[in-house]
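All values below were derived from every heavy atom in this structure, side-chain atoms included, with hydrogens, water molecules and symmetry-related copies excluded.
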Amino acid sequence: SYNICERTPIEKTYYIAKTIMKKPPHYWNKAKKILSKRDPVLKKIIKKYNKGFLTTKNKPFFSICRTIVGQQISTKAADAIWLRFEKKCKKKVIPENVLKLSTRTLKNVGLSRQKVSYLKNIAQNFKNKTFDIKKLKKMNDEDAINYIIQLKGLGIWSAQMFLMFNLNRADMYPTSDIGLLRALSLNYKTSYPPSKKFLDKISKLHLGYRTVLTWYMWRSIDPVDVEY
């Protein structure tokens with residue numbers, strides 16, 4: 001078993017979705033300047049990876065399905081299952097196509113009964129607009145996380161990743177993410193895992209732009225520029 005929170009940033013980027021918009025979020029450059037003034041450690045990392053930025057995924061349903069498929073398994077296994085799943089969806093991962101597939105068909109691509117149930121439920125919620133992206137976009141971060149985790153199979157980490165990568169929220173701070181914790185420990189020369197006191201201190205220092213902190217922390221331990 002392989003926890004999704006333990007994936008590297010590169011794996012996360014592919015794992016969550018493939019569709020990328022190639023321009024930074026509207027807050028990105030302003031955040032870099034502000035955080036560089038507040039934090040000398042982060043300033044060095046920003047300077048080193050100055051040209052990179054958080055890339056945006058444009059397919060909410062696709063992204064959530066990818067998240068479900070990849071839970072608790074290796075990247076290699078997730079990729080293989082995803083390719084078979086996509087093929088069964090006729091290369092169009094949309095709610096209507098997922099709902100047409102039988103439980104047996106979905107299990108045959110390598111999905112557990114539980115994941116099949118999650119995918120069907122999420123597809124139904126998207127199709128009948130019970131899960132409404134437009135509504136989600138108007139919510140604050142806390143309300144948005146609570147809204148997303150109502151979907152069976154999605155926890156807080158998955159919700160935070162969705163808000164970061166799909167909706168470009170500026171202030172996500174996924175403290176259950178192993179990559180972030182390792183990077184904080186390494187860059188700020190603190191214990192691993194970092195203490196709650198340290199995490200709170202870092203949180204306050206970067207408040208408003210914790211997504212930017214998180215992205216640069218990931219980048220510092222996995223510096224390859226990702227494009228799919």
| query | Are Asp200 and Lys196 ion-paired here, with the side-chain N under 4.0 Å from a carboxylate O? | reply | yes
| message | Tell me the closest heavy-atom pair linking Ser191 and Ser195, and the distance in Å. | response | OG-N, 4.1 Å
| task | Check side-chain contact (heavy atoms from CB on, under 4.5 Å) between Asn29 and all other residues, then give those that pass, not counting sequence neighbours. | result | Lys32
| task | For residues Val41 and Asn187, report the shortest heavy-atom separation together with the two atoms involved. | result | CG1-O, 3.6 Å
| field | Any Lys43 side-chain heavy atom under 4.5 Å of Leu35 side chain | value | no
| request: Take Ile122 and Phe61 through the side chain to side chain contact (heavy atoms under 4.5 Å, CB included) test and state the conclusion after the steps. | output: CA-CA 8 Å; Ile122 288 162; Phe61 180 71; 3.8 Å; yes
| Once you round to the nearest 0.5 Å, how far does OG of Ser158 lie from CD1 of Ile149? | 10.5 Å
| query | Hey, quick one: are Ile133 and Ile145 part of the same hydrophobic cluster, counting side-chain heavy atoms closer than 4.5 Å, chains of contacts allowed? | reply | yes
| For Ser112, does its backbone N or O pair with a side-chain atom of Lys107 as donor and acceptor, under 3.5 Å? | no
| request: Could you tell me whether the side chain of Thr211 and the main chain of Met172 form a donor-acceptor pair under 3.5 Å? | output: yes
| Backbone N or O of Gly153 within a donor-acceptor pair of the Gln71 side chain at under 3.5 Å? | yes
| Is it true that Trp215 and Tyr49 have ring centroids separated by less than 6.0 Å? | no
| query | For Val69, does its backbone N or O pair with a side-chain atom of Lys115 as donor and acceptor, under 3.5 Å? | reply | yes
| field | Residues in side-chain contact (heavy atoms from CB on, under 4.5 Å) contact with Asn97, at least two apart in sequence or another chain | value | Cys89, Lys92, Ile94, Lys100
| query | Looking at Trp157 and Pro174, what are the two nearest heavy atoms and their distance? | reply | CD1-CB, 4.2 Å
| said: Nearest 0.5 Å, please: how far is NZ in Lys44 from OG in Ser220? | reply: 13.0 Å
| request: Would you kindly say whether Asp177 and Trp218 are connected by a side-chain donor-acceptor distance under 3.5 Å? | output: yes
| Taking Leu54 as the fixed residue, which of Thr214, Val212, Asn168 is the one that meets the side chain to side chain contact (heavy atoms under 4.5 Å, CB included) rule? | Asn168
| task | Assess whether side chain to side chain contact (heavy atoms under 4.5 Å, CB included) is satisfied between Leu111 and Tyr118, documenting all intermediate values. | result | CA-CA 10 Å; Leu111 292 163; Tyr118 292 158; over 6 Å; no
| note | Taking every heavy atom of Ile81 against every heavy atom of Gly110, the minimum-distance pair comes out as CD1-O, 3.5 Å
| Connected via hydrophobic side-chain network under 4.5 Å: Leu181 and Ile156 | yes
| query | If you count the non-hydrogen atoms of other residues, nucleotides and ligands that lie under 6.0 Å from NZ in Lys120, is the total more than 12? | reply | yes
| field | Value rounded to 0.5 Å, distance of NZ in Lys152 from CD in Gln114 | value | 10.0 Å
| said: Check for me, please, whether Ile46 and Leu205 land in the same ILVMFWY cluster - side-chain distances under 4.5 Å, paths through other members count. | reply: no
| query | Is Lys59 close to Asn166 at the side-chain level, that is, under 4.5 Å between some pair of heavy atoms? | reply | no
| Check: Ser185 side chain, Thr190 main-chain N or O, donor-acceptor pair, under 3.5 Å | yes
| said: Testing the 3.5 Å rule here: is there a donor-acceptor pair between the side chains of Asp39 and Tyr188? | reply: yes
| task | Could you check Phe53 against Thr55 for side chain to side chain contact (heavy atoms under 4.5 Å, CB included), going step by step and ending with a plain yes or no? | result | CA-CA 6 Å; Phe53 53 83; Thr55 48; 4.3 Å; yes
| message | Tell me whether the rings of Phe131 and Tyr147 are parallel (<30°), tilted (30 to 60°) or perpendicular (>60°). | response | parallel
| Hey, what do you get for OG1 (Thr130) to CG (Leu151), rounding to the nearest 0.5 Å? | 9.0 Å
| message | Walk me through whether Met164 and Met161 qualify under side chain to side chain contact (heavy atoms under 4.5 Å, CB included). | response | CA-CA 5 Å; Met164 271 178 85; Met161 293 301 109; 4.1 Å; yes
| query | Quick check: does any side chain N or O of Asn121 sit under 3.5 Å from a backbone N or O of Ser117, one acting as donor and the other as acceptor? | reply | no
| Taking C-beta and beyond as the side chain, do Glu96 and Leu99 meet within less than 4.5 Å on heavy atoms? | no
| said: Are the side chains of Leu42 and Ser36 in contact, using a 4.5 Å heavy-atom criterion? | reply: no
| query | Are the side chains of Thr67 and Phe162 in touch, meaning some heavy atoms are under 4.5 Å apart? | reply | no
| task | Might you point out which heavy atoms bring Ile221 and Gly179 nearest each other, and give the distance in Å? | result | CD1-O, 3.5 Å
| message | Looking at Ser203 and Leu199, would you say the former's side chain and the latter's main chain have a donor-acceptor pair under 3.5 Å? | response | no
| Is Thr105 reaching over with its side chain to a backbone N or O of Leu101, donor-acceptor style, under 3.5 angstrom? | no
| How many angstroms lie between CZ in Phe85 and CZ in Arg66, if you round to the nearest 0.5 Å? | 10.5 Å
| query | Would you say the side chain of Leu83 lies within less than 4.5 Å of the side chain of Glu86, judging by non-hydrogen atoms? | reply | yes
| If only atom types and distance count, is the side chain of Asp143 paired as donor or acceptor with the main-chain N or O of Met139 below 3.5 Å? | no
| task | Verify, without hydrogens or angle tests, whether Arg210 (side chain) and Tyr173 (backbone) share a donor-acceptor contact under 3.5 angstrom. | result | no
| query | Can you name the nearest heavy-atom pair linking Gly52 to Trp28, along with the distance? | reply | O-NE1, 3.5 Å
| Between CG on residue Leu213 and CG on residue Leu207, distance to nearest 0.5 Å | 11.0 Å
